[in-house]
Amino acid sequence: MNKRNKPIFAGGSSKQWKDTSETEDTASSKPKEEEIEEIELGNIEIMQDILSYRNRKGVWPWESPHDLQTFCFPYIHVGIGNEGGWLKKIEEMKNKFNDESAPMEHVDKKEFKLWKKIWGN
């Protein structure tokens, strides 16, 4: 065997040998795109949690990747979506109303009041 095809130890506890000719060039490969997992929670509950997070931490969860991870972790930990799903859900909630919206139903009014506290002027 020449030096280029010399087997190397793969590491770990499995004591397996790995042929260097089979290794993948990761410098030119693209990372796999993460699939967005839908969030099936009500907007009111999520907006109440967003306000609680803001009161506790002093920042909105979407202001930095770290804050978003901290906000999402309890949900993701129990299998409710992933970060991509949470970003999509927050964007949907943000775009649901505008400052001139006038919801008629009781549930929509409650949701609109929470929306106004978070995204209204």
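- By the 30° and 60° cut-offs, the orientation of the rings of W115 relative to W119 is tilted.
- Atom CZ of residue F112 and atom CD1 of residue I44 lie 13.5 Å apart, to the nearest 0.5 angstrom.
- Distance check, rounded to the nearest 0.5 Å: CD of E111 to CE of M93 gives 8.5 Å.
- Applying the salt bridge (charged side-chain N to carboxylate O under 4.0 Å, His left out) test to every pair with at least one member in residues 49-60, sequence neighbours left out, gives no pairs at all.
- Pairing each heavy atom of W86 with each of I39, the nearest pair is NE1-CD1, 3.5 Å.
- The CD1 atom of I50 sits 8.0 Å away from atom CH2 of W60, with the distance rounded to the nearest 0.5 Å.
- The distance from atom NZ of K113 to atom CD1 of I118, rounded to the nearest 0.5 Å, is 14.5 Å.
- Annotation: the span from E92 atom CD to I46 atom CD1 amounts to 9.5 Å, rounded to 0.5 Å.
- Under the salt bridge (charged side-chain N to carboxylate O under 4.0 Å, His left out) criterion, E45 pairs with no residue at all, not counting sequence neighbours.
- Between N82 and E35 the shortest heavy-atom distance is ND2-O, 2.7 Å.
- Interatomic distance, CD1 of I90 versus CG of N95, reported as 12.0 Å (0.5 Å rounding).
- When the side chains of ILVMFWY residues are joined at heavy-atom separations under 4.5 Å, either directly or via intervening members, I80 and I76 end up in a single hydrophobic cluster.
- In the hydrophobic cluster analysis, where Ile, Leu, Val, Met, Phe, Trp and Tyr join through side-chain heavy atoms closer than 4.5 angstrom, V78 is grouped together with L41.
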Acceptor/donor pairs from residues 65-72 side chains to any protein atom, 3.5 angstrom cut, sequence neighbours excluded:
residue, atom, partner, partner atom, Å
D67, OD1, Y53, OH, 3.4
D67, OD2, S64, OG, 3.0
Q69, NE2, E83, OE2, 3.4
T70, OG1, H66, O, 2.9

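- By the rule that hydrophobic residues join a cluster once side-chain heavy atoms approach within less than 4.5 Å of another member, L51 and M47 end up as members of one cluster.
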